Asks: 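Have a look at the structure that comes next, please.
Ligands are counted one by one from 1 in listed order, and the atoms in each one are counted from 1 as well. Just so you know, these numbers come straight off a predicted model, no measurement behind them.
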Amino acid sequence: MAFLKLLLSTIACMAILVSLAYATDPSQLQDFCVATSDPTKAGLDVPANTNNRLGSGVTLVNPMNLAGLNTLGISVARLDFAPYGLISPHTHPRATEVFTVMEGTIYVGFVTSNQANGGNKLFTKVLNKGDVFVFPQGLIHFQLNIGKTPAVAFSGLSSQNPGVVTIPNAVFGSDPLISVDVLSKAFQLDVGLVKYLQSKFSTGS
Ligand code: MN
């Protein structure tokens, strides 16, 4: 009987783990997921590799590497920035992000959804060590290290599976690529420039 209960609980936990269609995490039915109750993950003191073209790296802690988070509707990330490193404009379709600067000076911003007048309002701030900023769920946002030294921040995210849509990659690097006709008209760009951008971001074969 105990085994059956554990099995059912495990199946329930797994079902929640793979439920990607929810806009927000479901409410808990138990204190924690009995099948995955390890509440420890080490190593978030280690910087991510920022030796890439954006000069940034993210270490995400979610139920895949901290099993005890499963079903709790929350996750955390360490964000590392080389000098002038950028985390490109992106959205988290399933989470609000609370961003805390631990080291450095970071220019951040988010853009509202379409307003009644057809516009989109930009909110920005220069953050210093100890400052906290919130990026509302689903809105496009970015973080840029504007200092000469590496920067570090930690983010709490209101989902165990926040998801990321990196705008340049999603728009110009999808697999297969979005039609050049669509992108040149949408962005009011020359076809050649669209093809150039696609060559920069394409990851498909
Ligand atoms: Mn983010």
Asks: Tally of protein N/O/S atoms under 2.8 Å from the Mn ion (ligand 1)?
Replies: 4
Asks: Under 3.5 Å, side chain of E97 to main-chain N/O of G156, donor-acceptor pair present?
Replies: no
Asks: Under a 3.5 Å distance rule, please check whether N65 uses its side chain to pair with a backbone N or O of K41 as donor and acceptor.
Replies: no
Asks: Inspect the surroundings of OH in Y84 and state if more than 12 heavy atoms from other residues, nucleotides or ligands are less than 6.0 Å away.
Replies: yes
Asks: Transitive ILVMFWY cluster of F142 at side-chain heavy atoms under 4.5 Å: who else is in it?
Replies: L54, L86, Y107, V111, L122, V126, L144, I146
Asks: Parallel, tilted or perpendicular: which fits the ring planes of H92 and H90, with parallel below 30° and perpendicular above 60°?
Replies: perpendicular
Asks: Fit a plane to each ring of F81 and F99, take the angle between them on a 0 to 90° scale, and name the class: parallel (under 30°), tilted (30 to 60°) or perpendicular (over 60°).
Replies: perpendicular
